[in-house]
Amino acid sequence: MDQILPVILLKGLILLPNEEVKIELNNKISKDVTSLATKHYNREVLVITPINNLEETPEVSDLPSYGVIAKIKSRIELPSTNVRITLKGLDRVKILKFNNNKNHPDILEAHFTKIELPQLDEIEYIAIIQKLKDLTNEFVNKSPQISNSILNTINTIDDLSTLTDTICSFIPLSFQKKLSYVAEINAIYRAKNLIKELKIELEILKLDDKLEEELTSSLEQNQKEFILKEKIKAIEKELGEYNEPTKDYLTKLDSLKLPKKTYQKIFNEIEKLAYTTDISPEQAMIRNYLDWILNLPWQKETFENNNLTDIKNKLDATHFGLEEIKTRILEYVALKNNNPDLKSPIICLVGPPGTGKTSIAKNIAQALNREFYKISVGGLNDTSELMGHKRTYMGSSPGKIIQGLRKCHSKNPLMLIDEVDKITINYQDDPSSCLLEILDREQNTEFMDNYLEEPFDLSKIFFILTANNLDNIPEALQNRLEIINVSSYTNYEKIALAKKYLIPKILEENNIDNKIISISDEMFNYLIDAYTNEAGVRELRLVLEKIIRKIVLLGLQNNRTKISKIKLKEFLGIPKYEKIINKKYDYAGRINALGISGYGGLIIPVEACIFEGKGQIILTGMLGKVMEESTKVALDYIKSHQKEFHLLDFFFNLKDIHIHFLEGATKKDGPSAGMAITTCLLSLLLNKKINNTYAFTGEITLTGEILKVGGLKAKIIGAYNNNIKRIYIPEANREDLDEIPDAIKEELEIILVKNYNEIFPELFAN
Ligand code: ADP
């Protein structure tokens, strides 16, 4: 049978059957509803919760088709004009339709019917009730926030519908879920869902417990440790002594005579160590730190040799030439003998590989009676390699400078910083900038390594740096350095060096006391040309070692083996390098240019050919942009001087010219091939051969002027080593000739050129 009740809309609030809520009403309609219900409907209203609780004034069509009859248990008019009511949910009902109250059109009324509950299986019914009660008991007992008194009510309910609604009123459910409970008329379904919900809640509680347990146990451990440490502290205070390792550190610290601040810092660390436990990671970190800082040569120095003759003998005994660096060392010692406070120079040896930079540095250390330590910085891209890692990083340690000092056990070693031109500088880090700090004589008395965090005096270190190419050293760093150039060796020098130093050294290292090879200068020359290709003598040393090994292996060491080409082939295999000059290239359009590579000076042959075309120029041989441009300059210089060069009949616009630079695998750039290219083109166009023993270097302008070039010394030595007999170089380079050994100047004809027109007549005379 249909019933009618005025409707009260409770936004965001759900009232379940058997549940009681206290609410304060402030809107007029709701207040009117309650007074109407009190007067005419036996204090009953129909409570409806709009599904969308964000909607300010919901439409009737948006309202759900179910509601809960509620009894107004109390109604109090408050002084603020609000009305406070207590509602108790009675029954879920199905709404049939809504209409407005005839007398109070603002009030909504609902026609509804009681829900006929489906028939339930009795056993299932009882079983579900029991299960629900068990789970609820477990849940309430485990939830500290829910009072156990609720269980008294729960345990006395025998009606499934009442039971589910009661449970639903206190377990944590989302608004939407609770709403769907109101809507669900079948108590069995509600019960099943609740069982699932309670199980989830119980799992959550279990997980909470586990976390809680873990947290408490770790707290307990910390507390235990803290209490123990406090106890140890108290005992130590009582006894006035530290444990054994701590004592050792203290004894060491006292023996070091450190600055007060550093002493205090180390002392604090030792004290910290006394209060850490054996297993704590902090202890390992403090010990590591103390082992580093207490084992540094804070005061220890070796006694520097100041005997000039002795030093000179020692340097000459092991190294050929290298006069500039040897003299600089002797100067330093002489000056220091006058002024003991003199700081050592910071020298940078610049030159091709294998020219003895590293080995002379080692030898200088020996001669001066300083320890030697080498730091390779080639490819280094991380400042902390030199400056150390902060102690907070696991496994951190000091940088290479401090590491070297500890290894040397003295604060005045000779440190070789190798390959400074190959430090990698990127946008993140610039290790060369920290070299500035390390090498700065003003600052490095207080060098601060990131790991040590205490200043250490580096001013007693003798620094020698090496580099292959000065251009790659940042200018700020260059300014700190005394640059000493170490140049390529001529064959003549290599032979002397091998005879006097390399061969005796190899024999000595292998315990061979008789001279087992005999090699003429001519054969040595051949050996160097055919089996090595370098500015220094590293390859030569390896080749000589190989020859000596072979002689020993063949049991020939008791006689002097005379080295011949055939023997070399037997010991070393077929020649690896063939000097370009040894072949006859006597055709027009081929000349030799002088070039330079990381390995010193070299000969770059240039070839050109001409064919029918449209005035194009083709360039090959791995050329850089500057070199391409200088080729165009050379060609246009010729075009604009066609008359002087007897080329008036030549039509450039009907021909294509291809110029190729040999040694194609090596990248070539720079303007210095201008004079060579001009000569090559003229040789081709005039069909005149150029002598194969001539070579050229010099930048050319559009007027034929020959401009200064770089690396002349290396180029001249390269030319000489490649059997070149005459070279054409810029007049502007004249002063560079002072550096060229006389032996070379005697054998090599050097022509100085101001303008190309000076050499044209002679080169291309009929
Ligand atoms: P770099 O450091 O310049 O690359 P190294 O010092 O490693 O060259 O020298 C390579 C080898 O050549 C070493 O065995 C070295 O003893 C030898 N060497 C180079 N130059 C000389 C020299 N002037 N006198 C004696 N030996 C030399």
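Numbering of ligands and ligand atoms starts at 1, following listing order.
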Trace of the ring-ring contact (aromatic ring centres under 6.0 Å, His included) decision for Tyr720 with Tyr492: CA-CA 10 Å; Tyr720 173 80; Tyr492 171 79; 7.7 Å; no
Candidate pair Val552 and Asn510, rule side-chain contact (heavy atoms from CB on, under 4.5 Å), full reasoning: CA-CA 10 Å; Val552 174; Asn510 289 287; over 6 Å; no
Under 3.5 Å donor-acceptor, Asn337 side chain and Asn306 backbone: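 Side chain of Asn337 to backbone of Asn306: a pair is present.
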Backbone N/O of Glu304 and side chain of Asn369: donor-acceptor pair under 3.5 Å: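 Looks like no, no N/O pair under 3.5 Å.
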When you measure from the heavy atoms of [X] to every atom of ligand 1, does any distance fall below 4.0 Å?
X	value
Thr355	yes
Gly321	no
Thr318	yes
Pro353	yes

Cation-pi, Tyr373 ring and Lys407 (6.0 angstrom, 45 degrees):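 Pair Lys407/Tyr373 does not count as cation-pi.
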In the protein, what heavy atom is nearest to [atom], and what distance, to one decimal place, separates them?
atom	result
atom 26 (N) of ligand 1	Leu497 CD2, 3.8 Å
atom 24 (N) of ligand 1	Phe320 N, 2.9 Å
atom 6 (O) of ligand 1	Ser359 N, 2.8 Å
atom 2 (O) of ligand 1	Thr358 OG1, 2.4 Å
atom 12 (O) of ligand 1	Val537 CG2, 3.3 Å

Under 4.0 Å between a side-chain nitrogen and a carboxylate oxygen: does that hold for [X] and [Y]?
X	Y	value
Arg541	Glu545	yes
Arg734	Glu731	yes
Asp291	Arg406	no
Glu301	Lys411	no

Residue pair Phe462 / Ile329, side-chain heavy-atom distance below 4.5 Å: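 Phe462 vs Ile329: side chains touch.
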Option of least heavy-atom distance to atom 10 (C) of ligand 1 (set: Lys357, Glu493, Arg538):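 Looking at heavy atoms only, Arg538 sits closest to atom 10 (C) of ligand 1.
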Atoms in ligand 1 with a heavy atom of Lys505 nearer than 4.0 Å: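 With Lys505 as reference, the close atoms of ligand 1 come out as 16 (O).
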Proximity of Leu322 to ligand 1 by residue part, where a heavy atom lies under 4.0 Å: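 The side chain, only.
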Residue portion contacting ligand 1 (non-hydrogen atoms closer than 4.0 Å) for Leu349: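 For Leu349, no heavy atom sits under 4.0 Å from ligand 1.
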Nitrogen or oxygen atoms of Ile360 and ligand 1 under 3.5 Å apart: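 Looking only at distances, the answer is no, because the N/O contact criterion of under 3.5 Å is not met.
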Ligand 1 N/O within reach of Tyr489 N/O, cut-off under 3.5 Å: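 For ligand 1, there is an N or O atom that lies under 3.5 Å from one belonging to Tyr489.
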